[in-house]
Amino acid sequence: QKEVEQDPGPLSVPEGAIVSLNCTYSNSAFQYFMWYRQYSRKGPELLMYTYSSGNKEDGRFTAQVDKSSKYISLFIRDSQPSDSATYLCAMRTAAGNKLTFGGGTRVLVKP
Amino acid sequence: NAGVMQNPRHLVRRRGQEARLRCSPMKGHSHVYWYRQLPEEGLKFMVYLQKENIIDESGMPKERFSAEFPKEGPSILRIQQVVRGDSAAYFCASSPGGQPSGANVLTFGAGSRLTVL
């Protein structure tokens, strides 16, 4: 079993819809949670990170962490075709330097 | 700011040859991380370096792989005697100081794609 599970998709939505992404994890020591966006043939780009449980909002993006369920989510409001990419969740322990990534979810936003 | 620069972007090697991948971190960043992305898989941590020091190499294969980050010049990931299973995208990331929290704000390069024939 992988430490971080993420549905590979693809997840196809019409323009303007809310995109809902999630990851589950098994290591209860994870304390920091990140979401990255990766366009084809490019490097991952950090969208946002959160610490422990709770919500964080940044523009059209909202990240949620539920440590009791070992479940994290990313919501993208008013999705645009330019949001079409692979979204990767990542997480680390409090003292750790390395990130553990999910396999990524491919998202297609259709105009 | 040119961001994290990786070269070559694409590298083709035959089995048994050596591959050298280079990474120049963002200006002002002194921490470098290497990750490998195999086809249809997520990124896997390989090694974390600061200038002239390997801090964490727990993700590096025991043989054939090595990394360095000299006082001057880019970080180098070296793969000796490559095999087909080494074919992957290798990403470098950098962060500013203040570890370990710097690991929360990694800036990735565009990657080097290694193909082993």
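The sequence lines fix the lettering, A, B, ..., with proteins before strands; numbering per chain opens at 1.
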**Q** Honestly curious: do A:Val19 and A:Val65 fall in one hydrophobic cluster under the side-chain, below-4.5 Å linking rule?
**A** yes
**Q** What closest approach, in Å, do A:Asn97 and B:Tyr33 show between heavy atoms, and which atom pair accounts for it?
**A** O-CE2, 3.4 Å
**Q** Report yes or no: do B:Phe91 and A:Leu88 belong to one cluster of Ile/Leu/Val/Met/Phe/Trp/Tyr joined by side chain heavy-atom distances under 4.5 Å?
**A** yes
**Q** Within the supplied structure, the quantity of interest is the number of heavy atoms (other residues, nucleotides, ligands) at a distance under 6.0 Å from B:Gln81 CD; does it exceed 12?
**A** no
**Q** Using the rule that Ile, Leu, Val, Met, Phe, Trp and Tyr join whenever any side-chain heavy atoms are under 4.5 Å apart, tell me whether B:Ile79 and B:Met46 fall into a single cluster.
**A** yes
**Q** Are B:Phe65 and B:Leu49 linked, directly or through intermediate hydrophobic residues, by side-chain heavy-atom contacts shorter than 4.5 Å (ILVMFWY only)?
**A** yes
**Q** Going only through I, L, V, M, F, W and Y residues with side-chain contacts under 4.5 Å, is there a path from B:Tyr48 to B:Ile76?
**A** no
**Q** Could you tell me which residues in residues 99-111 of chain A have at least one non-hydrogen atom under 4.5 Å from a non-hydrogen atom of chain B, sorted by residue number?
**A** A:Leu99, A:Phe101, A:Gly102, A:Gly103
**Q** Name, in order of residue number, those residues of residues 33-40 of chain A that have a heavy atom at a distance of less than 4.5 Å from a heavy atom in chain B; otherwise write 'none'.
**A** A:Met34, A:Tyr36, A:Gln38
**Q** Taking 4.5 Å as the heavy-atom cut-off, does anything in residues 6-13 of chain B contact chain A, and if so which residues?
**A** B:Arg9
**Q** Atom CG in A:Leu46, atom OG in B:Ser95: separation rounded to 0.5 Å?
**A** 11.5 Å
**Q** Is chain A contacted by the side chain of B:Thr107, its backbone, both, or neither, given a heavy-atom distance below 4.5 Å?
**A** neither
**Q** Is the number of heavy atoms from other residues, nucleotides or ligands under 6.0 Å of A:Arg60 CZ greater than 12?
**A** yes
**Q** If you count heavy-atom pairs within less than 4.5 Å of chain B, which of A:Gln6, A:Lys42, A:Arg41 leads?
**A** A:Arg41
**Q** Please determine whether the number of non-hydrogen atoms from other residues, nucleotides or ligands lying under 6.0 Å from atom CD1 of A:Ile18 exceeds 12.
**A** no
**Q** If the contact rule is any heavy atom under 4.5 Å from chain A, which residues of residues 108-117 of chain B qualify, in numerical order?
**A** B:Phe108, B:Gly109, B:Ala110, B:Arg113
